[in-house]
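Quick caveat: nothing in here was measured; it's all calculated off a predicted structure. A, B, ... follow the sequence lines: proteins, then strands. Residue 1 opens every chain.
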Amino acid sequence: MDQKKIRVRFAPSPTGPLHMGGVRTALFNYLFARKHGGDFLLRIEDTDQTRYVPGAEAYITESLKWCGLVPDEGPGFGGSFGPYRQSERKAMYFSFARQLVDSGWAYYSFDTPGDLDRLRAEAEAAGEVFAYNQQTRGSLCNSLALTPGETEQRISSGEPYAIRFKMPENMDVTEEDLIRGSVTFNTRELDDKVLFKSDGMPTYHLANVVDDHLMEISHVIRGEEWLPSMPLHILLYRAFGWEESRPRFAHLPLILKPQGKGKLSKRDGDKMGFPVFPLLWKDPESGENFRGYREDGYFPEAFINMLALLGWNAGTDQEIFTMEELIENFSLERVVKSGSRFDPEKTRWFNRYYLQQKSAAELAALFMPLLEAKNIQAAPDKVVAVIEEIKDRCDFVADIWEQGHYFFEAPAVYDEKTVAKRWKAETPAQLEAMAALFETIGSWEAGAIKEQFSAFMNEKGWNFGGVMNPLRLCLVGGNLGPDLFRICELIGQEETISRIRKAVQLIG
RNA sequence: GGUCCGUUCAUCUAAGGGUUAGGAUUCAAGAUUUUCAUUCUUGCCAUAGGGGUUCGAAUCCCCUACGGACUGCCA
């Protein structure tokens with residue numbers, strides 16, 4: 001058996017921003033392609049004109065680029081199997097649908113959406129569920145129930161119609177899913193899906209199968225929500241006579257909400273305080289903003305690493321993977337079958353890990369723009385030195401400010417609890433003495449400051465904690481931060497003294 | 001309702017008939033830090049329930065329960 005080239009596709013619909021479940025699907029496709037030296041394509045499934053959202057496709061593309069999942073082929077990425085937008089392939093789908101009608105695998109349906117809505121409503125009122133299937137098609141308005149003459153007449157008179165798949169009766173369709181193993185459906189339970197809509201566009205089912213065939217896709221790796229339509233797709237390949245070359249299927253488990261029931265949805269981010277989208281998304285309709293991992297300060301490598309481990313593992317204790325390591329280790333066999341609850345805490349932990357791996361200089365480059373946005377001028381050397389001191393208390397670049405703002409500006413407020421606990425009657429006098437001492441120090445460097453400080457303290461016989469804690473309060477505004485003398489050194493002699501005197505004055 | 005898929009610590013997961021059921025996150029405690037955080041150490045915590053098969057079951061089979069997806073001229 002000759003080995004077909006591995007070709008996989010990520011086929012989102014541009015109906016809104018890509019959410020993290022979609023990114024994970026793209027990631028697994030990408031890893032599978034890279035692992036096997038194959039191609040990763042992006043195909044835009046925009047066959048539903050009513051749901052088209054401007055900007056969604058650009059969002060998808062930008063998200064994939066941010067994540068490092070750059071397609072080998074796709075709109076704007078080149079490739080010889082294009083076009084890669086289904087709307088641009090529109091002209092070819094009808095003949096495929098027509099081919100199925102001619103071969104008896106499909107039929108014309110004249111029932112209007114309104115007719116069907118009514119039937120569904122009636123069935124529901126009767127406590128039943130309406131399905132357009134082998135039981136009901138004989139009594140509905142279609143080319144199976146009508147005479148050939150009537151059908152012909154309706155078509156030539158320009159009556160709109162859809163083309164439906166004629167689901168075979170009582171046939172077992174079994175497929176070896178690459179993740180789930182053998183899955184069997186009986187066609188008796190399946191309905192006659194629309195393949196071609198009355199608006200001249202194919203449905204997902206038709207377009208998907210036709211395009212996967214034409215684009216020579218070898219493996220369809222998609223979300224579990226598609227599992228129920230797998231038998232239809234398999235039958236379509238059979239109906240077209242493409243069974244020999246048809247792709248293999250792998251259905252990925254879903255990503256579930258951190259708490260509560262159901263799969264992760266767009267709104268969960270706002271409700272539970274974490275992004276569900278890779279990038280910030282401004283909804284063009286409502287103007288509403290949805291937060292993104294990028295804007296929330298996550299590194300793409302952390303985001304990808306987290307996503308990769310949501311439903312997959314290498315079979316070892318390794319949890320930190322570069323993209324190269326993911327490619328090397330990836331296999332569909334090691335994808336878990338059950339849905340995974342998303343864990344925002346673990347995601348934060350991954351980000352922390354990647355941040356800690358970066359040098360102070362790298363972080364400084366990322367942090368400088370934040371300082372500039374606050375109109376704070378700081379020497380790059382100082383920023384690097386500050387980050388060196390506080391990096392290990394940060395999970396995000398923005399935490400550098402949270403954890404170290406006092407290196408760049410005098411505290412505006414003093415933590416009340418700390419004041420209550422550390423500020424004693426003798427404190428003002430002691431601090432004033434300290435300010436005076438600091439004025440005499442010639443070499444303003446942590447070691448020297450500490451030496452002078454200690455000598456002075458010993459001479460006075462003061463309690464170290466009794467002075468150091470209030471001193472820290474003056475400089476940082478609270479009971480936190482790295483080594484006190486490093487803080488003194490970094491903020492400078494003049495500023496240190498000025499902050500002491502200011503605090504003494506304000507706190508009293 | 002129907003069809004299909006699933007079920008190991010709170011969470012992500014390992015263990016593919018024989019392990020004290022392992023790792024990570026979270027949480028808790030101790031050590032370090034004359035502060036806070038970090039770091040380190042330790043700890044807590046799981047095979048949904050019931051039947052089989054077997055010398056032996058988290059692992060294989062059946063039933064139940066629970067969870068999920070789908071059930072559109074959406075994808």
Side-chain angles (χ1 to χ4, degrees), chain A residues 11-15 45-48 50-51 109 111-113 116-117 120 123-124 127-133 160-164 177 179-181 183-186 188-191 193-205 207-208 222-231 251 253-254 256 258-259 261-263 306 309-320 333-334 336-350 352 356 390-394 399 403 415 418 421-422 463-473 476 478-484:
Chain A
S13 173
T15 54
E45 309 232 332
D46 54 350
T47 53
D48 186 359
T50 65
R51 292 219 301 160
S109 160
D111 315 87
T112 66
L116 298 174
D117 285 347
R120 282 194 190 93
E124 199 184 337
E128 284 160 15
V129 178
F130 170 77
Y132 206 122
N133 60 17
Y161 61 84
I163 294 176
R164 285 182 182 268
D177 185 281
I179 293 171
R180 275 142 221 288
V183 181
T184 301
F185 294 84
N186 190 292
R188 182 193 321 123
E189 315 290 346
L190 273 22
D191 59 354
K193 286 276 182 254
V194 170
L195 300 177
F196 196 84
K197 302 183 266 186
S198 59
D199 68 357
M201 282 294 238
T203 60
Y204 170 85
H205 303 293
N208 189 264
R222 76 223 305 193
E224 190 186 334
E225 68 270 28
W226 294 109
L227 193 54
S229 50
M230 182 168 68
H251 290 91
L254 267 10
L256 276 18
Q259 291 111 29
K261 291 182 166 196
K263 65 174 176 178
M306 175 278 293
L309 261 61
L310 206 53
W312 172 85
N313 68 82
T316 63
D317 286 344
Q318 184 177 352
E319 291 202 289
I320 300 296
E333 292 73 49
R334 292 214 64 92
V336 303
K337 296 180 180 67
S338 52
S340 328
R341 272 188 195 279
F342 171 63
D343 184 353
E345 287 299 331
K346 186 90 183 231
T347 311
R348 166 181 280 268
W349 176 82
F350 275 111
R352 174 182 176 77
Q356 297 305 326
I390 60 168
K391 171 184 159 181
D392 62 5
R393 18 194 9 124
C394 298
D399 290 348
Q403 296 296 329
D415 179 63
T418 311
K421 188 174 174 191
R422 309 287 195 189
N463 172 272
F464 274 62
V467 177
M468 286 179 77
N469 286 308
L471 188 50
R472 175 179 294 279
L473 181 66
V476 317
N479 183 32
L480 56 99
D483 181 73
L484 187 55

Between B:U7, B:C5, B:U11, which one does the side chain of A:Arg180 approach most closely? B:C5
Looking at the side chain of A:Leu254, which of B:A37, B:A69, B:U35 is the nearest nucleotide? B:A69
What is the distance, rounded to the nearest whole Å, between atom CD of A:Gln356 and atom C1' of B:A37? 11 Å
Non-neighbouring partners of A:Glu345 that pass side-chain contact (heavy atoms from CB on, under 4.5 Å), sequence neighbours left out: A:Asp343, A:Arg348
So, using ring pair (Phe, Tyr, Trp, His ring centres under 6.0 Å) as the criterion, who are the partners of A:Phe196 when residues are at least two apart? A:Phe94
The criterion is side chain to side chain donor-acceptor pair (under 3.5 Å); which residues satisfy it with A:Lys263, sequence neighbours excluded? none
Set of residues satisfying side chain to side chain donor-acceptor pair (under 3.5 Å) with respect to A:Arg334, sequence neighbours excluded: A:Asn313
A:Gln318: side-chain contact (heavy atoms from CB on, under 4.5 Å) partners, not counting sequence neighbours: A:Thr316, A:Phe321, A:Glu325
Can you find a donor-acceptor N/O pair under 3.5 angstrom joining the side chain of A:Arg472 to the base of B:U35? yes
Can you name the side-chain contact (heavy atoms from CB on, under 4.5 Å) partners of A:Asp199, sequence neighbours left out? A:Gln49, A:Lys197, A:Met201
Paired nucleotide for B:A24 [Watson-Crick or G-U wobble; both distances under 3.5 Å]: B:U11
Out of curiosity, A:Leu480 CG to A:Asp415 CG, how far, rounded to the nearest 0.5 Å? 8.0 Å
Proximity to the side chain of A:Val336 - top-ranked nucleotide from B:A14, B:C12, B:G68: B:A14
RNA chain B nearest-nucleotide lookup for A:Asn479 and A:Leu190: closer to the 5′ end is A:Leu190
Reading RNA chain B from 5' onward, which residue's closest nucleotide shows up sooner: A:Phe342 or A:Lys337? A:Lys337
So if I define the base as every atom that isn't primed, P, OP1 or OP2, how would nucleotides 70-75 of chain B read as a B/S/- string at a heavy-atom cutoff under 4.0 Å? SSSBBB
Can you name the residues that form a side-chain contact (heavy atoms from CB on, under 4.5 Å) with A:Thr15, not counting sequence neighbours? A:Ser13, A:Arg51
Whole-angstrom distance between B:A37 and B:U32, as gauged at atom C1': 12 Å
Are there any protein N/O atoms within less than 3.5 Å of an N/O atom in nucleotides 25-31 of chain B, and if so, which ones and at what distance?
residue: B:U25; atom: OP1; partner: A:Trp349; partner atom: NE1; Å: 3.3

